[in-house]
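Remarks on the structure that follows.
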Amino acid sequence: MRKKVIAGNWKMYNDIPASVNLISELKKSLSGQEIKADVIICPPFTSLDTAKTLIEGSVIKLGAQNMYFEENGAYTGEISASMLKSAGCEFVILGHSERRTIFLENDQLINKKIKKALSSALKPIFCVGETLQQRESGTTESVIKTQVTEGLSGVSAEDLKKIIIAYEPVWAIGTGKTASPDQAQEVHKFIRTLVEKLYSKEAADEIIIQYGGSVKPENASLLLSQPDVDGALVGGACLKAESFFSIIKAA
Ligand code: 13P
């Protein structure tokens with residue numbers, strides 16, 4: 001049985017005081033509760049170190065939202081895998097559609113980042129997803145296939161176990177338009193079958209595939225009850241402890 005994984009992608013929200021508030025509130029909600037899902041928060045870089053201290057002793061795990069693939073060097077503005085490790089991160093989101101579209105990241109760059117994260121003992125939350133135009137033109141599966149295949153190129157079966165795939169249809173991100181449970185299930189199943197073809201049945205059965213895109217307390221239960229939806233990557237709704245907690249409860 002795959003354990004559900006609920007991750008909160010804070011994006012570019014919350015300075016340090018706001019991060020302290022949000023984590024404190026979330027810890028209050030979680031304390032004394034029986035939590036069956038894994039819970040991950042991905043604050044901005046500037047709040048990671050503070051978050052690391054605050055989550056100690058709680059069920060909350062820490063992730064970052066991006067990193068660069070080089071070990072170190074003259075890369076102004078970039079953050080390395082080892083820096084994230086030293087800030088207490090266990091996870092790192094890679095290939096988010098906002099990185100792909102706004103910062104022009106391509107599959108090759110994302111693949112390098114995934115491999116660097118893995119060799120640095122960071123677990124990638126690897127995002128894939130089609131745009132509205134791609135969905136409407138019927139190319140969803142080929143787009144996802146390319147993103148998954150290129151992103152995982154050269155990744156061993158052993159390392160795959162450390163990867164979470166997040167299916168985030170671009171048209172559902174921050175728009176309030178969620179994929180229907182059937183639409184999500186269809187693509188999740190497609191990704192799992194693809195992993196089976198690329199690796200093995202065992203690998204496909206084990207891999208965690210999260211859904212992301214306007215996940216809210218109101219739609220979380222139905223999405224999470226789909227057989228191939230193993231969790232959620234939450235944006236907007238993770239910025240309030242109460243709504244993030246409701247989604248965790250739904251899992
Ligand atoms: P929203 O939940 O705000 O749609 O964002 C989803 C997302 O991009 C998570 O990575």
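What's counted below: heavy atoms across the whole structure, side chains too, no hydrogens, waters or symmetry copies. Every number for a ligand or one of its atoms is a count from 1 in the order of the listing. We number each residue from 1, following the sequence as shown.
An N or O contact shorter than 3.5 Å is missing between Thr175 and ligand 1 by distance. Between Asn9 and ligand 1, at least one N/O pair is under 3.5 Å apart.
Using a 4.0 Å heavy-atom cutoff, Lys11 is listed among the residues neighbouring ligand 1. At least one heavy atom of Ala172 sits less than 4.0 Å from an atom of ligand 1. Distances from ligand 1 to the non-hydrogen atoms of Gly212 include no value under 4.0 Å. Heavy-atom separations between Ala237 and ligand 1 are all 4.0 Å or longer.
Regarding atom 3 (O) of ligand 1, its nearest protein heavy-atom neighbour is Gly236 N, 2.8 Å. From the protein, the heavy atom lying nearest to atom 2 (O) of ligand 1 is Gly235 N, 2.9 Å. Counting protein heavy atoms only, atom 7 (C) of ligand 1 is closest to Glu168 OE2, 3.2 Å.
Contacts with ligand 1 closer than 4.0 Å are made by no heavy atom of Cys127, backbone or side chain.
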Q: Take Val5 and Ile164, measure what side-chain contact (heavy atoms from CB on, under 4.5 Å) needs, and give me the verdict at the end.
A: CA-CA 9 Å; Val5 182; Ile164 293 174; 4.0 Å; yes
(Q) Show, in sequence, the C-alpha distance, side-chain angles and deciding distance for Arg2 and Glu206, and conclude whether the salt bridge (Lys or Arg N to Asp or Glu O under 4.0 Å) test is met. (A) CA-CA 7 Å; Arg2 293 182 296 268; Glu206 267 179 37; over 6 Å; no
Q.
Apply side-chain contact (heavy atoms from CB on, under 4.5 Å) to residues Gln183 and Arg135 and explain how you reach the verdict.
A. CA-CA 11 Å; Gln183 280 174 324; Arg135 173 159 285 263; 3.6 Å; yes
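Those atoms of ligand 1 with a heavy atom of Gly213 less than 4.0 angstrom away are 4 (O), 6 (C). Less than 4.0 angstrom separates some heavy atom of Gly174 from each of these atoms of ligand 1: 1 (P), 3 (O), 4 (O). Using a 4.0 Å cut-off to heavy atoms of Ser214, the atoms of ligand 1 that qualify are 1 (P), 2 (O), 4 (O). Residue-ligand proximity, Leu233 to ligand 1, at heavy-atom distances under 4.0 Å covers atoms 9 (C), 10 (O).
Not counting sequence neighbours, Phe190 has no partner by the ring-ring contact (aromatic ring centres under 6.0 Å, His included) test.
In this structure, Tyr167 and His188 have perpendicular ring planes: the angle between them is above 60°, well past the 30° mark.
Around atom NZ of Lys145, no more than 12 heavy atoms belonging to other residues, nucleotides or ligands sit under 6.0 Å away.
Partner of Glu105 under the side chain to side chain donor-acceptor pair (under 3.5 Å) criterion, chosen from Arg100, Arg99, His96: Arg99.
Residues Glu70 and Lys116 are not paired through a salt bridge, judged by the lack of any N-O separation under 4.0 Å between the basic side chain and the carboxylate.
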Going by atom type alone, with no hydrogens or angles, which donor-acceptor pairs under 3.5 Å involve a side-chain atom of residues 30-43 and a protein atom two or more places apart or on another chain?
from, atom 1, to, atom 2, distance (Å)
Ser31, OG, Lys28, O, 3.3
Gln33, OE1, Lys249, NZ, 3.2
Asp38, OD1, Lys3, NZ, 3.0

